[in-house]
Amino acid sequence: MQQEPILVLTTGGTIDKAYFDALSEYQIVESGIPALIAEARVALPFRVMELMRKDSLELTDADRALIAAAVREAPERHVVITHGTDTMTETARALSDITDKTIVLTGALSPARFAETDAHFNLGMAFATAQVAASGVWIAMSGQVFDGLKVRKDRAAGKFVSV
């Protein structure tokens, strides 16, 4: 059985932030997602496309339209989007009219470059979800998969919760 390829779109967010020293701010740098995928020895076909390098709080409606256009135009039917967690649900809503693809948004609560990070696990969850979930928009975070339109980020608890 041949596996269908997965498109990975990177948009920035904490998963791709770097911290240079105690006096500097976090910066979103070149995506580390290709290295994470290589380290994980992903054996199915995939393609990585870096769309932007933004904190999700800085994403605009035009940015979300660009993300949606990239998903619509891609030949792949399975899409993973790495995204900042603060506005991930807004982007999920912007993608909700794309009903013929399985779209999974994921991110991290601490940068992938940190020794203790949830990035690796969340990315793995997103790859698995993209392969087995029905068409629609999903969010894969912290070992859970949520309907992308029925979830919110609980900042106080530091996790996503169903609504």
Side-chain angles (χ1 to χ4, degrees), residues 6-19 25-33 36-37 46-74 76-114 117-163:
I6 293 179
L7 171 62
V8 181
L9 298 177
T10 68
T11 65
T14 297
I15 199 165
D16 274 328
K17 284 186 177 177
Y19 186 66
E25 299 283 324
Y26 284 107
Q27 295 179 15
I28 298 174
V29 295
E30 183 177 353
S31 181
I33 298 305
L36 290 181
I37 295 170
F46 66 90
R47 176 171 66 105
V48 179
M49 179 190 309
E50 183 177 305
L51 281 183
M52 59 194 72
R53 296 179 186 175
K54 287 190 167 186
D55 186 290
S56 70
L57 291 172
E58 297 171 356
L59 290 179
T60 64
D61 290 341
D63 293 326
R64 288 185 178 81
L66 177 66
I67 294 167
V71 171
R72 277 189 196 92
E73 294 167 8
E76 295 90 349
R77 294 184 330 113
H78 306 275
V79 181
V80 170
I81 301 172
T82 62
H83 194 288
T85 60
D86 287 316
T87 66
M88 191 179 284
T89 58
E90 291 175 39
T91 299
R93 284 192 297 275
L95 298 167
S96 65
D97 66 333
I98 302 172
T99 58
D100 62 336
K101 297 187 180 199
T102 303
I103 306 163
V104 186
L105 290 103
T106 194
L109 298 174
S110 63
R113 290 166 174 82
F114 280 16
T117 180
D118 55 335
H120 303 82
F121 187 76
N122 291 340
L123 186 60
M125 284 283 302
F127 260 78
T129 302
Q131 293 176 72
V132 300
S135 296
V137 182
W138 306 92
I139 290 179
M141 288 291 298
S142 305
Q144 293 183 278
V145 177
F146 300 94
D147 178 322
L149 305 179
K150 297 178 181 175
V151 63
R152 69 177 179 82
K153 182 178 177 182
D154 182 335
R155 289 178 191 265
K159 64 180 183 176
F160 282 79
V161 295
S162 294
V163 293

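Numbers for residues simply follow the sequence, beginning at 1. Computed over heavy atoms, backbone and side chain alike; hydrogens, waters and symmetry mates excluded.
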So do the side chains of [X] and [Y] get within less than 4.5 Å of each other, counting heavy atoms only?
X      : Y      : value
Val163 : Val151 : no
Phe46  : Val80  : no
Leu59  : Met52  : yes

Electrostatic pair Asp100:Arg77 at N-O distance under 4.0 angstrom: no
salt_bridge(Arg72, Asp97) N-O dist < 4.0 Å: yes
Residues Leu95, Val79; criterion side chain to side chain contact (heavy atoms under 4.5 Å, CB included); working and verdict: CA-CA 11 Å; Leu95 298 167; Val79 181; over 6 Å; no
Verdict with supporting geometry, Met49 and Val8, side chain to side chain contact (heavy atoms under 4.5 Å, CB included): CA-CA 6 Å; Met49 179 190 309; Val8 181; over 6 Å; no
Worked verdict on Thr82 versus Leu123 for side chain to side chain contact (heavy atoms under 4.5 Å, CB included): CA-CA 8 Å; Thr82 62; Leu123 186 60; 4.2 Å; yes
Any side-chain donor near an acceptor of the partner, Ser56 and His83, under 3.5 Å: no
Donor-acceptor pair between Arg53 and Thr11 side chains, under 3.5 angstrom: no
Atom NZ of Lys101: over 12 foreign heavy atoms under 6.0 Å: yes
Contacts of type side chain to side chain contact (heavy atoms under 4.5 Å, CB included), residue Ala65, not counting sequence neighbours: none
Verdict with supporting geometry, Ile37 and Phe127, side chain to side chain contact (heavy atoms under 4.5 Å, CB included): CA-CA 10 Å; Ile37 295 170; Phe127 260 78; 3.9 Å; yes
All N/O donor-acceptor pairs, side-chain side in residues 132-150, below 3.5 Å, sequence neighbours left out:
from: Trp138; atom 1: NE1; to: Ala134; atom 2: O; distance (Å): 2.9
from: Asp147; atom 1: OD1; to: Leu149; atom 2: N; distance (Å): 2.8

Positive for side chain to side chain contact (heavy atoms under 4.5 Å, CB included) with Val71, one of Leu66, Leu9, Leu7: Leu9
Of Val161, Thr85, Thr89, the residue whose pairing with Lys153 passes side chain to side chain contact (heavy atoms under 4.5 Å, CB included): Thr85
